[in-house]
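Bear in mind that the values here come from a model prediction, so they are computed numbers and not experimental data. Just follow the structure's listing: the first ligand is 1, and inside any ligand the first atom is 1.
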Amino acid sequence: MNLLADLADLRQQCQTWRAQGLTVALVPTMGFLHAGHLSLFDHARGLADRLVVSIFVNPTQFGPNEDLDRYPRDLPRDLELARAHGVDLVFAPEAGAMYAPDHATWVDVPELGRGLCGASRPGHFRGVCTVVAKLFGLVRPDVAVFGEKDWQQLAILGRMTRDLELGVTIVGRPIFREPDGLAMSSRNVYLTPDERASAPAIRQGLLLVQQAVRGGEVDAAKLGLMFRSHLAEKLPMARVDYADFVHPEALTPVARVDAPTLLAVAVFLGSVRLIDNILLEV
Ligand code: PAF
């Protein structure tokens with residue numbers, strides 16, 4: 001497995017592969033890998049001849065009061081895991097190498113980035129789109145794989161790739177969960193033992209709503225209340241940032257769950273913000 005930090009070296013290696021007729025898959029990450037990331041690597045491994053993983057805690061997608069400085073990092077461990085999962089190249093640049101001091105170009109999909117996480121994290125998706133567009137420009141992958149836990153991110157990157165004709169196939173993969181149902185996230189390590197023990201209530205709330213939809217309830221307001229009441233009872237220390245019913249691609253709010261609808265939620269446990277979602281089938 002190759003480890004590169006230099007942008008020109010990455011571009012050169014990927015160009016060499018393409019010249020040899022090899023296809024390339026990319027999985028962008030911010031590192032501190034968990035089983036969810038590894039499942040993305042395993043899937044991506046089967047989609048192309050070469051697998052590139054980027055590990056970069058992208059400063060431009062963090063707000064001024066967010067956790068950029070304390071975001072968990074462990075590159076040596078990440079490299080071991082990547083090697084064990086058949087990754088051919090890890091790209092782990094310094095922030096200064098990715099962004100020139102006079103960096104001035106941004107990629108944004110404001111229509112899809114305004115609601116859900118975008119409402120409480122202004123500028124977040126602009127940072128995500130910009131870094132992923134840069135990675136696409138460097139690697140020029142045939143395919144890129146992302147997790148569905150960040151559903152909004154996946155929808156935005158799909159639209160960016162389509163609108164800018166970037167020629168990359170975007171693949172989304174199901175949420176990887178702990179045995180008790182908590183969605184895997186690098187941020188789960190911030191949870192106190194009490195918070196961690198109660199956090200699966202978020203997933204249980206989503207399943208409760210799914211059950212109600214299957215039972216014929218279509219009123220999004222009532223279903224939302226059901227989720228919030230469940231959390232208030234089972235996870236009283238939580239603060240719901242949002243629990244929104246939206247069209248799965250357009251991400252526009254829906255009032256009636258009478259067609260496939262995404263219920264996306266963000267919940268604060270102390271200072272930790274956890275996200276999860278469920279695609280409600282009617
Ligand atoms: O999902 C993430 O980890 C990040 O948002 C991504 C896609 C690697 C961009 O920094």
Check: Q153 main-chain N/O paired with D150 side-chain donor or acceptor under 3.5 Å: no

Parallel, tilted or perpendicular: rings of Y99 and W106 (30°, 60°): parallel

Donor-acceptor contact below 3.5 Å, side chain Q210 vs main chain L207: no

Geometric N/O contact Q153 with ligand 1, under 3.5 angstrom: yes

Test: R187 cationic atom under 6.0 Å from Y71 six-membered ring centre, within 45° of axis: no

Which of the ligand 1 atoms, numbered from 1, are nearer than 4.0 Å to a heavy atom of P28: 8 (C)

For atom 10 (O) of ligand 1, closest protein heavy-atom neighbour: Q61 OE1, 2.6 Å

Taking atom 3 (O) of ligand 1 as the reference point, the nearest protein heavy atom with its distance: M30 CG, 3.6 Å

Those atoms of ligand 1 less than 4.0 Å from some heavy atom in V131: 9 (C), 10 (O)

T29 contact mode with ligand 1 (heavy-atom cut-off under 4.0 Å): backbone

Main-chain N/O of A221 paired with D219 side-chain donor or acceptor, under 3.5 Å: yes

